[in-house]
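Reading through the structure tokens given below for one structure.
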2 protein chains.
Amino acid sequence: MRNMNNENEAVPKKAIKRLQIIQAAFKLFTENGFYATGVDLIMRQAGVSKRTMYIYFPTKNDLIVAVLEFYRINYERGLKDLLARNDLSNREKIVAIFEEAGNWFANKQFHGCLAVNAMGEFSGKDPDIENACRVFKTWELDVFSELTKELPVMYPNDLAFKLLVLLEGMGAIAQVMKQPCPIDIKQMVNDLLDGHCVA
Amino acid sequence: MRNMNNENEAVPKKAIKRLQIIQAAFKLFTENGFYATGVDLIMRQAGVSKRTMYIYFPTKNDLIVAVLEFYRINYERGLKDLLARNDLSNREKIVAIFEEAGNWFANKQFHGCLAVNAMGEFSGKDPDIENACRVFKTWELDVFSELTKELPVMYPNDLAFKLLVLLEGMGAIAQVMKQPCPIDIKQMVNDLLDGHCVA
DNA sequence: CAACAGGTAAACAAATCAGTTTACTTTTTG
DNA sequence: CAAAAAGTAAACTGATTTGTTTACCTGTTG
């Protein structure tokens, strides 16, 4: 059985294995934690031999750093469509982000922010992982900053940081409590936005 | 050299070893995570033999549950004096809690909320640990609820939850970013309180 | 066809993990 | 004092960990 799809040939085989490993590791790290997830299981789930794995990722921590980068890129892609919409104001986009996050957090399968979890396991132990976590949170802050800087507010960066605090808080509580959020987050976000608006 | 203090004899030796173990484990779990901390190191730091450890805590997870309870009791004791003061209004106490938390989070040694970190490592794996984490967060919420219920606000429980969201968010960001909080948290808390006040 | 890069499968090494057991010592207490 | 309770130190088990190595296979390409 040869290659059947003669259209759209030349798929970059090179990076396929690497991505398979990252995706399997991402799922396992998210669901079971970093230390608790062994490389043998990752390689089995990825359908890849151990040797291949250690060619792409010389150490497990290298893989963790790559997974955290993947986590951010994945997150970015999920937000892309929303951020690109021109039928929504920046303020509406912010509210929409919290709505989407709220739905995500409400899922029983939610396991908290991977970067926060990684920090809990590797803080003070692996600078590369620490750095990857900070890069992620910095990016999250940048997303909000991009949205608030064109809002009629006095201190857009302060507002962005407050929004991030809100998002983190929701996530952490959802992760631990695993029950629907009893408050109206949308209203809380709107109050925050109103409090900063000069117009 | 016999026992010198003939006054106040009969110190309950029984629970001393147990507490030593919990305190050493608390420190190590906080600084290095749960999976990453081996029982051999805990027992060495506690100055206790392995056998004794396994008499008090048949499994490592039993110890983790005990540490999480200790974490809560410790937290409660740290808040006791503040909550008992009668020269402060409930509103002032809430603000004071955030000020203290802010100072704590600003410390470079801060490693995030132990219950959140535990959830990141044991979510879906150990019901007892999960439960201990939820008990901790429920207690945190109760502290705020006790303070808000006597405030002139419409929905004291909602306000309490929002305060908890704020506290969690600050903690999670501080844990990852490890840099001073760029916003005025006291003002953010006051805004939140003002937004709920009917008077 | 032949060379070769990239892959598999599995055995292996060395360390570490949680937890057990044994033999002995210290401390408390009736 | 003497029995009993609680402790120590250290060897040990068996499973698991990350990471290495060996021998073999496969698809592509000059």
Side-chain angles (χ1 to χ4, degrees), chain A residues 1-6 8-25 28-29 31-67 118 121-122 125-126 128-129, chain B residues 1-6 8-25 28-29 31-67 118 121-122 125-126 128-129:
Chain A
M1 206 193 299
R2 302 286 170 82
N3 200 338
M4 283 308 194
N5 60 330
N6 27 10
N8 202 354
E9 203 87 16
V11 201
K13 289 270 171 76
K14 187 73 172 295
I16 282 187
K17 296 285 174 183
R18 188 187 145 90
L19 188 60
Q20 282 177 349
I21 297 165
I22 290 179
Q23 284 174 326
L28 290 168
F29 287 151
E31 291 173 2
N32 302 321
F34 294 92
Y35 271 93
T37 303
V39 290
D40 286 65
L41 181 58
I42 295 172
M43 110 201 174
R44 224 176 300 137
Q45 292 286 325
V48 150
S49 76
K50 204 171 198 175
R51 194 171 194 274
T52 302
M53 229 187 88
Y54 273 95
I55 286 171
Y56 286 110
F57 307 101
T59 70
K60 185 184 176 183
N61 284 14
D62 289 334
L63 174 57
I64 290 173
V65 169
V67 165
E121 294 201 52
F122 296 98
K125 307 185 84 177
D126 189 305
D128 293 333
I129 294 177
Chain B
M1 207 192 297
R2 301 287 170 82
N3 200 336
M4 282 312 193
N5 60 331
N6 26 11
N8 202 357
E9 203 89 16
V11 200
K13 291 269 169 81
K14 188 71 171 297
I16 282 187
K17 296 285 174 183
R18 189 187 144 89
L19 188 60
Q20 282 177 348
I21 297 166
I22 290 180
Q23 284 174 327
L28 291 167
F29 287 151
E31 290 172 2
N32 303 321
F34 294 92
Y35 271 92
T37 302
V39 291
D40 287 64
L41 182 58
I42 296 172
M43 114 204 171
R44 223 176 302 135
Q45 292 286 324
V48 150
S49 76
K50 205 170 198 177
R51 193 170 195 276
T52 301
M53 230 188 87
Y54 273 94
I55 285 171
Y56 285 109
F57 307 102
T59 71
K60 187 185 176 182
N61 284 14
D62 289 335
L63 174 57
I64 291 172
V65 170
V67 165
E121 296 201 52
F122 297 99
K125 309 184 82 176
D126 189 305
D128 293 334
I129 294 177

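Just so it is clear: chains get the letters A, B, ... in the order the sequence lines come, proteins before strands, and each one is counted from 1.
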Approximate separation, where rounding is to 0.5 Å, of B:Leu28 CG and B:Arg44 CZ: 10.0 Å
Using 0.5 Å steps for rounding, measure from the CG atom of B:Leu63 to the CZ atom of B:Arg18. 9.0 Å
What is the distance, rounded to the nearest whole Å, between atom CG of A:Asn61 and atom P of D:dT17? 16 Å
Distance in angstrom units between B:Tyr35 OH and C:dA18 P, rounded: 10 Å
Let me know the distance between CE of B:Met53 and P of C:dT20, rounded to the nearest Å. 11 Å
How many Å lie between NZ on A:Lys60 and P on D:dT16, as a whole number? 15 Å
Check every atom of C:dG19, C:dT8, D:dT8 against the side chain of B:Thr59 and return the nucleotide holding the closest atom. C:dG19
Check the distance between D:dA6's P and B:Phe57's CZ and give it to me in whole angstrom. 15 Å
Nearest-Å distance, CD1 (A:Ile55) to C1' (C:dA9)? 14 Å
Among D:dT8, C:dA18, D:dA23, the nucleotide that comes nearest once only the side chain of A:Arg51 is considered: D:dA23
Would you sort out whether A:Asp128 and A:Asn61 count as a side-chain contact (heavy atoms from CB on, under 4.5 Å), showing the intermediate values? CA-CA 8 Å; A:Asp128 293 333; A:Asn61 284 14; over 6 Å; no
Contact under 4.0 Å: A:Tyr54 side-chain N or O vs C:dG7 OP1/OP2: no
Roughly how far apart are B:Tyr35 OH and A:Thr37 OG1, rounded to 0.5 Å? 8.5 Å
Take atom CE of A:Met43 and atom P of C:dT8, then tell me their distance rounded to the nearest Å. 10 Å
Can you check the B:Leu63 CG to C:dC17 C1' distance for me, whole Å? 15 Å
May I ask you to verify whether the side chain of B:Lys50 and the base of C:dG19 hold a donor-acceptor pair under 3.5 Å? yes
Are OP1 or OP2 of D:dT8 and a side-chain N or O of B:Thr52 less than 4.0 angstrom apart? yes
Nearest-0.5 Å distance, CD1 of residue A:Ile22 to CZ of residue A:Phe57: 4.0 Å
Which nucleotide sits closest to the side chain of A:Asp40: D:dA9, D:dT18, C:dT8? D:dT18
